[in-house]
Amino acid sequence: MENRNKEQLNLMHSGKGFIAALDQSGGSTPKALSQYGVEENQYSNDEEMYTLVHEMRTRIIKSPAFDSQYILGAILFENTMDRKIDGQWTAEYLWEKKHIIPFLKVDKGLADLANGVQLMKPISNLDDLLDRAVDRKIFGTKMRSVIKEANQTGIQEVVKQQFEVGLQIFKKGLVPIIEPEVDIYISDKEKAEQILKDEIKKQLNLLDKDVKVMLKLSIPTAKNFYSDLMSDPHVVRVVALSGGYSREEANQKLAENQGLIASFSRALSEGLSAGQSDAEFNSQLGNSIKEIYEASIQ
């Protein structure tokens with residue numbers, strides 16, 4: 001393992017802070033831009049849309065508020081990885097200028113609902129994408145599935161698929177973030193979380209000694225429910241998604257779970273607008289970052 005990766009691995013395992021999720025892509029990009037105050041009539045094709053979203057993310061990343069004192073890592077999507085900030089690939093800029101660890105979202109979205117879950121769609125070009133990620137100095141990856149009910153068969157399928165793809169990613173020299181999201185609005189959420197944890201443990205026990213993964217999970221119903229996963233030698237870090245909670249609610253629930261750190265997207269960018277002056281933008285972003293950080297270090 002390169003020295004850079006060892007330093008990043010140690011930082012991700014024991015550093016204080018949280019992961020900023022800047023990885024909305026495809027269908028969620030227009031919504032992310034709209035929340036930022038850029039409407040669909042302000043661009044006429046995908047290229048213009050992605051240029052605008054890269055400008056938004058560049059503004060976030062270059063902000064003095066986006067600081068490694070609070071932020072351990074940032075998740076990018078493919079289009080962002082393939083663009084530059086001040087002449088450097090985005091991932092290189094993040095690490096070299098900000099000392100923030102770069103991750104890449106690799107999934108291609110969700111399959112249709114079956115057995116109470118949505119598996120990942122097949123990732124057809126994964127090998128090529130991972131090779132490019134290594135070349136662009138990415139540290140790890142992220143991929144999302146969704147659990148909509150406490151269905152043993154479905155949850156088993158989700159976790160099995162996540163770990164199979166995760167192993168392929170690890171073999172390329174990257175650390176996979178395994179993200180089987182439990183829908184926060186389902187009535188049997190706590191039961192689904194119990195099945196999920198049991199299935200994750202089974203898969204962790206099958207891994208070779210040297211394999212490292214991260215877990216990105218919905219904030220659990222029972223406080224400190226994932227503490228035992230945090231102590232597994234295969235697990236670099238357990239991080240939480242905001243899952244549709246407001247920033248305030250997500251932070252409050254996160255703070256009740258010792259050792260669980262945030263990997264928030266909507267909760268991070270809430271309140272940011274293209275029309276804000278740099279001073280307003282940096283102040284709003286700084287306040288959000290500090291709130292999420294405080295909740296992550298309880």
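Everything numeric in this text was worked out from a predicted model, so none of it was measured.
- Using a cutoff of 4.0 Å between basic side-chain nitrogens and carboxylate oxygens, Lys142 and Asp107 are not scored as salt-bridged.
- Lys62 and Asp86 are joined by a salt bridge, as a carboxylate oxygen and a charged side-chain nitrogen come within less than 4.0 angstrom of each other.
- Judged purely by distance below 3.5 Å, without hydrogens or angles, the side chains of Arg83 and Asn79 pair a donor atom with an acceptor atom.
- Nearest heavy atoms, Ile71 versus Ile100: O-CG1, 3.6 Å.
- Glu39 and Ser34 share a side-chain donor-acceptor pair at under 3.5 Å.
- Note: Phe77 and Tyr50 have tilted aromatic rings, judged against thresholds of 30 and 60 degrees for the angle between ring planes.
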Gln194 vs Asp198, side chain to side chain donor-acceptor pair (under 3.5 Å): CA-CA, chis, key distance, verdict: CA-CA 6 Å; Gln194 184 62 62; Asp198 292 344; 3.1 Å; yes

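- Contact of the Val175 side chain with the Val213 side chain is not registered, since no non-hydrogen atoms from C-beta on lie closer than 4.5 Å.
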Query - Residue pair Gln284, Gln276: steps toward the side chain to side chain donor-acceptor pair (under 3.5 Å) verdict - result: CA-CA 9 Å; Gln284 174 64 54; Gln276 288 169 328; 4.9 Å; no

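- The closest side-chain heavy-atom distance from Ser218 to Leu241 is below 4.5 Å.
- By the rule that hydrophobic residues join a cluster once side-chain heavy atoms approach within less than 4.5 Å of another member, Val239 and Met12 end up as members of one cluster.
- Following chains of ILVMFWY side-chain contacts shorter than 4.5 Å, one can reach Ile123 starting from Leu76, so the two form part of one hydrophobic cluster.
- Follow the hydrophobic side-chain contacts under 4.5 Å out from Ile169 and you reach Val238 in the same cluster.
- Rounding to the nearest 0.5 Å places CD of Glu294 at 8.0 Å from OH of Tyr70.
- Glu164 and Lys160 are joined by a salt bridge, as a carboxylate oxygen and a charged side-chain nitrogen come within less than 4.0 angstrom of each other.
- Side-chain contact check for Phe264 versus Phe18: every heavy-atom pair is 4.5 Å or farther apart.
- Ion pair Arg136/Asp82 flagged as a salt bridge, since at least one NZ, NE, NH1 or NH2 atom sits closer than 4.0 Å to an Asp/Glu carboxylate oxygen.
- Val117 and Leu113 fall into different hydrophobic clusters, where Ile, Leu, Val, Met, Phe, Trp and Tyr residues are linked whenever their side-chain heavy atoms come under 4.5 Å apart, directly or through other members.
- Surrounding NZ of Lys84 are more than 12 heavy atoms belonging to other residues, nucleotides or ligands, all under 6.0 Å away.
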### Task
Would you sort out whether Asp232 and Lys201 count as a salt bridge (Lys or Arg N to Asp or Glu O under 4.0 Å), showing the intermediate values?
CA-CA 9 Å; Asp232 188 287; Lys201 283 182 172 178; over 6 Å; no

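- With respect to the salt-bridge test (charged N to carboxylate O, under 4.0 angstrom), the residues Lys253 and Glu256 do not qualify.
- His234 contributes a side-chain N or O that, together with a main-chain N or O of Val211, makes up a donor-acceptor pair within less than 3.5 Å.
- Of the inter-residue distances, the one linking Ile289 atom CD1 with Asp67 atom CG reads 8.0 Å to the nearest 0.5 angstrom.
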> Checking side chain to side chain contact (heavy atoms under 4.5 Å, CB included) for the pair Phe170/Leu207: CA distance, chi angles, key distance, verdict?
Replying inline: CA-CA 11 Å; Phe170 180 79; Leu207 297 177; over 6 Å; no

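- Here the CD-CG distance, from Glu78 to Asp23, works out to 12.5 Å after rounding to the nearest 0.5 Å.
- Donor-acceptor pairing under 3.5 Å is lacking for the side chains of Ser242 and Arg247.
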Evaluate the ring-ring contact (aromatic ring centres under 6.0 Å, His included) criterion for residues Phe103 and Phe139: first the C-alpha distance (whole Å), next the side-chain angles of each, then the deciding distance (0.1 Å), finally the verdict.
CA-CA 6 Å; Phe103 290 85; Phe139 167 78; 5.5 Å; yes

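- Looking at heavy atoms from C-beta onward, Lys197 lies in side-chain contact with Leu229 at the 4.5 angstrom threshold.
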Go through the steps for Ser145 and Val158 under the test side chain to side chain contact (heavy atoms under 4.5 Å, CB included), then give the verdict.
-> CA-CA 7 Å; Ser145 319; Val158 159; 3.7 Å; yes

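- A donor-acceptor contact closer than 3.5 angstrom links the side chains of Lys216 and Ser263.
- The salt bridge (Lys or Arg N to Asp or Glu O under 4.0 Å) with Lys172 is formed by just one residue from the set Asp127, Asp128, Asp135; it is Asp127.
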task: Step by step, work out the side chain to side chain donor-acceptor pair (under 3.5 Å) result for Glu7 and His99.
output: CA-CA 10 Å; Glu7 185 184 352; His99 213 64; 3.1 Å; yes

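- Other residues, nucleotides and ligands place more than 12 heavy atoms under 6.0 Å from the NZ atom of Lys108.
- Other residues, nucleotides and ligands contribute over 12 non-hydrogen atoms within 6.0 Å of the CG atom of Asp210.
- Residues Tyr36 and Ser269 fail the side-chain proximity criterion, which asks for heavy atoms closer than 4.5 Å.
- More than 12 heavy atoms of other residues, nucleotides or ligands sit less than 6.0 Å from atom CD of Glu48.
- A donor and an acceptor atom, one from each side chain of Thr153 and Asn115, are nowhere located under 3.5 Å apart.
- Taken from CG in Leu104 to OG1 in Thr80, the straight-line distance is 9.0 Å, to the nearest 0.5 Å.
- In terms of modelled atom types and a separation under 3.5 Å, the side chain of Glu280 and the main chain of Ser277 share a donor-acceptor contact.
- Checked against Ile261 for a side chain to side chain contact (heavy atoms under 4.5 Å, CB included), the options Leu72, Leu254, Ile297 give a single hit: Leu72.
- Taking CD from Glu248 and CD from Glu270, the interatomic distance works out to 9.0 Å, rounded to the nearest 0.5 Å.
- Here Ile147 contributes atom CD1 and Asp183 contributes atom CG; the two are 10.0 Å apart, rounded to the nearest 0.5 Å.
- Judged by the 6.0 Å and 45° rule, Arg59 forms a cation-pi pair with Phe281.
- Using modelled atom types, no side-chain atom of Gln118 and backbone atom of Val146 make a donor-acceptor pair closer than 3.5 Å.
- Side chains of Gln88 and Glu96: a donor on one and an acceptor on the other come within 3.5 Å.
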